[in-house]
There are 2 protein chains.
Amino acid sequence: MSSNQKIDKRIKRTKKALQNALITLMQSHDFKAITITDIVEHADYNRGTFYKHYKYKEELLEDIIEEVIKDLVDSYRQPYQHTDSLTFNSLSASAVKIFEHVYAHANFYQLIIQSNALPGFHKRITNELKKLPLQDLAEIEPSPDIDPELHASYQAYAIFGMIMEWGEGGFKLTPAYMADQLLEMLKFSPVNSRFKIRSDLEK
Amino acid sequence: MSSNQKIDKRIKRTKKALQNALITLMQSHDFKAITITDIVEHADYNRGTFYKHYKYKEELLEDIIEEVIKDLVDSYRQPYQHTDSLTFNSLSASAVKIFEHVYAHANFYQLIIQSNALPGFHKRITNELKKLPLQDLAEIEPSPDIDPELHASYQAYAIFGMIMEWGEGGFKLTPAYMADQLLEMLKFSPVNSRFKIRSDLEK
DNA sequence: TTTGTTAGTGAACATCTGTTGAATAAATCT
DNA sequence: AGATTTATTCAACAGATGTTCACTAACAAA
């Protein structure tokens, strides 16, 4: 039944204990300041046991992240399974689900942000980009040839940016509001909108 | 004349040497695998000297990043200074300048990506978001109340996402193409576009 | 050029790291 | 159930870390 039949009980037990220890320590300490010794002492395991499973604490953190990601994917797929919840459209429902997932794991996301688990570079450069007045758009003729890879990365990081901003504000806003904001920003995208259809007819 | 009159020559000399040593080491080693001892031995300084200026190697890296960011801001401001380069419009020119800046520092950006200086979380979650088919948009009525903070973060991370995608592809694409792609994606934004004006008239 | 200030040196220290080996405990398998 | 496999322990190791100290060398200001 369960997805992991062959994994040794001891391994699961140990990994969970180490994960919990790290999470607990991250509540009060900067990620960088937490030592392997801290983790194993807090979890009451031998230091060698840690190294049997992980190379460094970042790897342990990634295990924790992996579980949260799993829930994110599940959350996203929910609207497609329960058609009754499709009040608006599928994207709107998915967007809500994504932000609801983050909201449900707000403690975790805030922990990641607070404990400086994600370091300086992307934060530094995106903060600088934020200052630049890129909002002022101009009129250009439409053209549909957008690189799908670039577009996917653009969209992914954009949503990630919304989550970061949300988290730095302490997750005060509601998931529904966040989803609405995302839809507002996406609204005029040509892909499936009436504008795209209209410009297609113009050809 | 110079912006830093009061800073001791020795400090500048030492910091530059340490920065260069780290950059050199990052060419061939994973960031995490580089030790403080490696850096000071390569720069031929005492280990205590390192700790006089930096707490950990991440702080040293941030100093390097700071210089690149400075160039990014300068690059962005260029179009506003030289009006002759405004072939299209200000945003288009700014976008080109940003991507030209990245292209000029492609070695640095690739170094950051390759050496895993930015760790798992944002990469992991955004890669997952990329898989979700968020591209399929739906028709909704326009409304202009977008949170400026959220929008700024959205845009900043979106562009950062383009740069990451670009870098992971080895910076094969040209800066002009990247700028064009950005403009394509922004094109239908309501803020200043003809669509916005049209929908305003509909009221 | 002298004087006060501070960066860099070298050495020492306790602690943490990453790895290893043999012994023990707990799991899995038949 | 017993036999086999393997996770965990404990101890030990060399190397790296982060900090401190007195010493010197280089700098800035007058």
Side-chain angles (χ1 to χ4, degrees), chain A residues 1-64 66 115-117 119-120, chain B residues 1-64 66 115-117 119-120:
Chain A
M1 291 297 140
S2 178
S3 58
N4 33 17
Q5 299 117 334
K6 298 182 179 180
I7 295 158
D8 198 305
K9 280 181 182 179
R10 293 168 291 182
I11 296 178
K12 283 199 285 185
R13 196 188 305 142
T14 304
K15 284 192 170 184
K16 255 284 161 280
L18 293 174
Q19 287 169 21
N20 290 335
L22 178 56
I23 288 174
T24 304
L25 289 167
M26 279 174 71
Q27 320 267 9
S28 49
H29 296 79
D30 198 88
F31 183 75
K32 195 181 302 304
I34 300 168
T35 69
I36 312 288
T37 307
D38 287 337
I39 297 169
V40 293
E41 276 181 357
H42 198 277
D44 202 35
Y45 274 83
N46 190 273
R47 202 160 51 84
T49 308
F50 176 95
Y51 287 106
K52 189 142 276 180
H53 298 294
Y54 303 107
K55 280 183 86 171
Y56 18 72
K57 50 185 176 168
E58 281 81 1
E59 228 172 72
L60 171 58
L61 180 63
E62 277 176 20
D63 255 20
I64 299 170
E66 207 55 38
S115 189
N116 289 328
Chain B
M1 291 296 140
S2 177
S3 57
N4 33 16
Q5 299 115 336
K6 301 182 178 180
I7 296 158
D8 199 305
K9 281 180 183 179
R10 292 168 292 182
I11 297 177
K12 283 199 284 186
R13 196 187 305 141
T14 304
K15 285 192 170 184
K16 255 282 164 282
L18 293 173
Q19 287 169 22
N20 289 336
L22 177 56
I23 288 174
T24 304
L25 289 168
M26 279 174 73
Q27 321 268 10
S28 48
H29 297 80
D30 197 87
F31 183 75
K32 195 181 303 303
I34 300 168
T35 69
I36 311 287
T37 307
D38 286 338
I39 298 168
V40 293
E41 276 181 358
H42 199 277
D44 202 35
Y45 275 83
N46 191 273
R47 202 159 51 84
T49 307
F50 176 94
Y51 288 106
K52 187 144 280 180
H53 299 293
Y54 303 105
K55 280 183 85 170
Y56 18 72
K57 50 185 175 168
E58 281 81 2
E59 227 171 72
L60 171 58
L61 180 63
E62 277 176 19
D63 255 19
I64 299 169
E66 206 55 38
S115 190
N116 288 328

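All values below come from the heavy atoms of this structure, side chains included, with hydrogens, waters and symmetry mates left out. These numbers were taken from a predicted model, which means no experiment stands behind them. Chain letters run A, B, ... following the sequence lines, proteins first, then strands; residues in each count from 1.
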Task: B/Asp8 CG - C/dT6 C1' separation (whole Å) - done: 7 Å
Open item on the list: Ignoring hydrogens and geometry beyond distance, is the side chain of A/Arg10 in donor-acceptor contact with the base of C/dA27 at under 3.5 Å?
Closed with: no
Open item on the list: I need the CD1-C1' distance between B/Ile34 and C/dG18, as an integer number of Å.
Closed with: 18 Å
Task: Note: B/Asp8-B/Arg10 ion pair, threshold 4.0 Å (strictly below) - done: yes
Open item on the list: From CG of B/Asn46 over to C1' of D/dA22, roughly how many Å is that when rounded to an integer?
Closed with: 14 Å
TODO: Ignoring backbone atoms, establish whether A/Arg47 has a side-chain N or O less than 4.0 Å from OP1 or OP2 of C/dT19.
DONE: no
- [ ] Return the residues of residues 35-44 of chain A meeting this criterion: a heavy atom under 4.0 Å from some atom of DNA chain C. Order them by number, or give none.
- [x] A/Thr35, A/Ile36, A/Thr37
Task: Protein-nucleotide distance (B/Tyr45, atom OH; D/dA25, atom P), rounded to Å - done: 16 Å
Task: Nearest-angstrom distance from the residue atom CD1 of B/Ile7 to C1' of D/dA26 - done: 17 Å
Task: Nearest-0.5 Å distance that lies between atom CG in A/Leu61 and atom CD1 in A/Ile23 - done: 8.5 Å
- [ ] Determine yes or no for a side-chain-to-main-chain donor-acceptor pair under 3.5 angstrom, with B/Lys15 supplying the side chain and B/Leu60 the backbone.
- [x] no
Open item on the list: Using a strict heavy-atom distance below 4.0 Å, which residues from residues 49-57 of chain B are in contact with DNA chain C?
Closed with: B/Thr49, B/Lys52, B/His53
Open item on the list: What is the separation between atom NZ on B/Lys32 and atom P on D/dT17, rounded to the nearest whole Å?
Closed with: 13 Å
Open item on the list: List the residues meeting salt bridge (Lys or Arg N to Asp or Glu O under 4.0 Å) with A/Arg47, not counting sequence neighbours, and say none if there are none.
Closed with: none
Open item on the list: Applying ring pair (Phe, Tyr, Trp, His ring centres under 6.0 Å), can you list everything that pairs with B/Tyr54, at least two apart in sequence or on another chain?
Closed with: B/Phe50
Task: Least distance between heavy atoms, B/Val40 atom then B/Asn46 atom - done: CG1-O, 3.9 Å
Task: Nucleotide of D/dC27, D/dT9, C/dA27 approaching A/Arg13 most closely (side-chain heavy atoms) - done: C/dA27
Open item on the list: Going by the rule salt bridge (Lys or Arg N to Asp or Glu O under 4.0 Å), which residues pair with A/Lys16 if we only count those two or more places apart in sequence or in a different chain?
Closed with: A/Glu67
Task: Whole angstrom value for the distance that separates C1' of D/dA28 from NZ of B/Lys9 - done: 10 Å
TODO: Using atom types as modelled and distance alone, determine if a side-chain donor or acceptor of A/Lys57 lies under 3.5 Å from a backbone N or O of A/Phe31.
DONE: yes
- [ ] Apply salt bridge (Lys or Arg N to Asp or Glu O under 4.0 Å) to B/Lys55 and list each qualifying residue two or more places apart in sequence or on a separate chain.
- [x] none
